[in-house]
Amino acid sequence: MIEVELLVKGHSDLGEVAPEVKPSDSQTSVAIAGQADLEWREMEGDDCGFHYGDGTNEAQDNDFPTVERSRLQEMLSLLGLEAYQVQKLTLQDSLQISFDSMKNWAPQVPKDLPWHFLRKLQALNAEARNTTMVLDTPPEAWPAEKESQMEEEMMYWDPAEDAAADIYSFSELPMPDTPVNPLDLLCALLLSSDTFLQQEVLLKMSLCQFALPLVLPDSENHYHTFLLWALRGVVRTWWLQPPRGLGGFREDSVVLSRMPTFAFVRMDVSSNSKSQLLNAVLGPARRQCDRFWHRDLNLGTNPREISDGLVEISWFSPSGKEDLDVLPEPMAFLNLRGDIGSHWLQFKLLTEVSSAVFILTDNISKKEYKLLYSMKESTTKYFFILSPYRGKRNTNLRFLNRLIPVLKIDHSHVLVKVSSTDSEGFVRRIRAIMCGVARSPCRRVSVEDMAHAARKLGLRVDEDLEECQKAKDRMEKIIRKIKDVDAYKRDELRLQGEPAKKAAQVEREFCQLQWVSEPPEKHRAELRRRVLELRVQQNGQEPTSGVQEFILGISSPSPSERQYFLRWMEWGLARLGQPRPRQPPETLLTLRPKLGGPSDLPEPPWPEPLGVDHFLRELGQFYEAESCLLEAGRLPAGQRRFAHFPGLAVELLLGGLPLELVDGATLSIPVRWVTGLLKELHVRLDRRSRLVVLSALGVPGTGKSTLLNTMFGLRFATGRSCSPRGAFMQLLPVAEGFSQDLGCDQILVIDSGGLISGALASAGDRFELEASLATMLMGLSNVTVVSLAETKDIPPAVLHAFLRLEKMGHMPNYQFVYQNLHDLPLPSPKPRDRRQLLDPPSDLSRPATHLEKQGGGFRTLAGLAERQHVWHIPALWHGVPPMAAVSLGYSEAIFELKRCLLENIRNGLSNQNKNIQQLIELVRRL
């Protein structure tokens, strides 16, 4: 058999490619095959300890090493997560407002790390994975007597005198940090979290452009988990360029998108870092992002205790910009942590789902050869990346020659990378290989396809839980009937048609009569009659089959099944509107308007998409109609059918779902429905019903929903293409230990959504309606955040609301937030800028001008701006979407704003806190 001088010469700048390895004649080929078969028969007799067919490790099942079992328990104990192995951490646990919410604190002990990670991740902080701990009291500040006591004890401690002595007895003194590998922290936290918190963690990680866990190892319980459900919420946007015609952006779930997939694995030892190589492949050198945690990062060299066997996934998404797109199409990248010999099941999965597998190694030994020989039936393409100076030259040559025919590879599939190799050239070579694989007929898979392969290998898939599948089946019953969205709204959601719009208009007229000095009684009676007539018409309807199925879904006695059903509904309904034309790379968080003020932004060219809020709005209309008839004496209390609807909706609110406060279709407040919700909430919260109301106002596209979501971890819809028109509210619980100090038990957060369009006074009725709604939202609030895109663009409706509330004597705590939406340098806030911020616009309506003449409103507001905060928030993205991460400056500025808001609430600067009963009365008055 001919050995090839592979590892001595032939180094090129593009990564050293091995000379072609092939037998000299057919006799040599027969010899190779015969020897491989012989070694394979020998291998079958060996106790190799891996059987991947049923997804279990037989040797481990029979004699599972106790050191592995205790390693996980020790890590959970170190991080303070032992208590969450049965009763898992929930999403609501992570959202609670506590003392820590106001501090930019650094972890001091390992038990701080999970909470520190969650807080940083909620704020989309790029440093969330940093597990460095700091001592509250540095060693140089330790008391002298403590230090001398420790030295004395160490000097005179003798284990021979005390057999039970513990060498760790000195740990009560402050010691340097206990290093925890960030991947261990992530695995421990996910193993301790329920599926909904797992989903939220992965969603936030994706926005930070971190690689996401795909297979979560759990060696102690003898199974690994494929995280299909946890990835369901992750959406990617990419530029799609057809062979002919104009390109455009496409947005889809990563779970459903099929694309070429490349796996990177390590065999035995490799002096080259997989993760660093992957980071280099995924981005241009000048804008490289650390998507995969690697050895050169802080604590990257710390030993992994429980995260070996973790499979991570990341994606490349083209932006349509030639200077940024290092690859021509979307691609997925998989990274196995640990050696393939120790994690055979995960390696087998990667070979079955990947278009190509890159194997990094310094040595190819007999054990590794046997592993690779067993893959001889695989159709996956294999590439080797070797570091010859640390390898065993002759052994590598011998086994490579034997693997050539087995894996169907040639010399171009073997690359050599040493310290002198041109790194950028080598990365270009890797990309060229990937492009070649993608151009040829190759395997293209989605994450769902990967999950099917994982099931066949015996891995547990998180989505296969019975509650999750029951909720999915119920969702599919509803979605299957939706052929045309507009027709479905008309036929199935009947109460939201013309009767609802007419009733809202009549009730609005009736409310306006309260401000007339002597309204004609005849007109008042006529309005009552028309409203009653419309409500009778609505009450005569029955819930359709789709609405009844939805009611059954949110009525499940299992809280988890209800949450699964809502998530399935959100995704199922979102897919009904695809494909949708997209403009340049907006974001998963918020759209980036083109240069110009918000008033330049056009209305969305597509209709409002069908969402869960439409089904809840239908429930609200049934309740409104029934309550109206009850008030008029037209319906006996004993004949009510829909009195339980507010209770169903409040359960969803307490579970973290935003509920509609202002109907986006009629731009009105369904007072009876909102009152019913608040009464039910008062009952459920019992004695913990003291509220602070925080609202955010601004025109769509100014980043207000993104701001709230980043600040508090909320779930308000973002992006002008998917944001509903109505105003929504979500509840934030305050930790019991902090509620007395903060002065409230709950924070009710209101997002104005698409209510404020920036209409000018010339828009007539639209302007008056927006001004009234802005007045109502700000009148309910203790704290109001006004989100601005430019320094002089307070929407006229919001400005009008300021003047009305000032005249009423209601002045909540205002925060003016200028968000840099165009990546422009931020000016430092100056007093002159603050005065200009509230200069009166020239197009104010006559009522506003009248108020100004009477009370000096603008001068008062300008003074208010001097006293209150005007915030300048940096640009959201660091780089160009869709591959850009959230900038660290944005995250830190949002945290400072959050700290300021909570500080103002605690110091009583936010107006008097309310209980729910007072809020109900305020809703009725406003």
Side-chain angles (χ1 to χ4, degrees), residues 121 129 182-183 186-187 190 195 198-217 224-238 252-266 274-283 289-294 307-317 327 329-338 340 343 345-358 380 434 437-438 442-455 457 459-463 588 882-883 885:
L121 198 60
R129 295 178 295 185
L183 295 176
L186 176 62
C187 288
L190 292 176
T195 55
Q198 287 179 351
Q199 198 173 83
E200 187 70 11
V201 167
L202 266 62
L203 174 61
K204 298 294 188 183
M205 288 180 66
S206 73
L207 295 173
C208 293
Q209 296 293 351
F210 298 160
L212 308 183
L214 180 70
V215 177
L216 183 63
H224 309 299
T225 303
F226 188 94
L227 298 177
L228 176 62
W229 169 262
L231 285 164
R232 280 275 176 197
V234 179
V235 178
R236 300 289 293 187
T237 305
W238 66 91
D252 202 358
S253 166
V254 297
V255 166
L256 303 173
S257 305
R258 286 192 169 95
M259 59 187 71
T261 302
F262 299 94
F264 283 68
V265 300
R266 172 171 60 82
K274 301 190 312 303
S275 301
Q276 283 180 302
L277 181 58
L278 277 164
N279 290 337
V281 168
L282 278 164
C289 175
D290 292 315
R291 290 170 171 80
F292 293 90
W293 193 264
H294 58 82
S307 55
D308 272 354
L310 173 70
V311 178
E312 297 169 289
I313 185 169
S314 188
W315 295 268
F316 173 79
S317 301
L327 295 167
E329 63 175 299
M331 296 180 183
F333 296 85
L334 305 174
N335 183 14
L336 171 61
R337 299 289 182 168
I340 62 173
H343 306 287
L345 184 61
Q346 289 93 319
F347 177 59
K348 175 64 175 171
L349 173 65
L350 298 192
T351 62
E352 294 198 1
V353 302
S354 299
S355 310
V357 176
F358 290 81
T380 302
M434 292 174 175
V437 171
C442 72
R443 182 184 289 137
R444 291 171 180 261
V445 298
S446 65
V447 175
E448 271 193 348
D449 298 329
M450 297 180 193
H452 291 315
R455 289 188 186 96
L457 291 173
L459 272 78
R460 173 180 175 267
V461 178
D462 58 352
E463 204 167 272
L588 301 181
M883 294 296 286

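The model shown is predicted, which means the values in this text are computed figures rather than measured ones. Computed over heavy atoms, backbone and side chain alike; hydrogens, waters and symmetry mates excluded.
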Heavy-atom distance under 4.5 Å between the side chains of F226 and V311, does that happen here?
-> no
Closest heavy-atom pair, W229 versus E463, reported as atoms and distance to 0.1 Å, is CA-OE1, 3.6 Å
Least distance between heavy atoms, P330 atom then M259 atom | O-CB, 3.6 Å
A451 to L228 - nearest heavy-atom pair and separation = CB-CD2, 3.8 Å
For the atom pair CZ (F333) and CG (L282), what is the distance rounded to the nearest 0.5 Å?
-> 5.0 Å
Do W315 and S257 come within less than 4.5 Å of each other through their side chains, counting heavy atoms only?
-> no
Please name the residue in the list V215, L345, L336 that meets the side chain to side chain contact (heavy atoms under 4.5 Å, CB included) test with L350.
-> L336
Has the side chain of S355 got a donor or acceptor atom that lies under 3.5 Å from a matching backbone atom of R443?
-> yes
For R460 and T225, does a side-chain donor sit closer than 3.5 Å to a side-chain acceptor?
-> yes
Is there side-chain contact between C187 and L216, with heavy atoms separated by less than 4.5 Å?
-> yes
What one should report as the nearest heavy-atom pair of C289 and Q209 is SG-CB, 4.2 Å
V281 versus F262: any side-chain heavy-atom pair under 4.5 Å?
-> no
Atom OG of S253 and atom CZ of R236: how far apart are they, to the nearest 0.5 Å?
-> 11.5 Å
Least distance between heavy atoms, L203 atom then G233 atom = CD1-O, 3.6 Å
Shortest non-hydrogen separation from S314 to R291 and the atoms involved = OG-CD, 3.7 Å
From S354 atom OG to L334 atom CG, the distance as rounded to the nearest 0.5 Å = 5.0 Å
Hey, what do you get for CD (E448) to CZ (R258), rounding to the nearest 0.5 Å?
-> 8.0 Å
Would you please name every residue forming a side chain to side chain contact (heavy atoms under 4.5 Å, CB included) with S275, sequence neighbours left out?
-> S273, F292, H294, N335, R337
Salt-bridge present (E312, K274; N to O < 4.0 Å) = no
Given side chains that start at C-beta, do those of M450 and I313 come closer than 4.5 Å, heavy atoms only?
-> yes
Who are the side chain to side chain contact (heavy atoms under 4.5 Å, CB included) partners of P213, not counting sequence neighbours?
-> L186, L190, L202, M205, L227, L310
Taken to the nearest 0.5 Å, the spacing of Q346 CD from L349 CG works out to 8.0 Å
dist D462:CG -> Q199:CD (nearest 0.5 Å) comes out at 9.0 Å
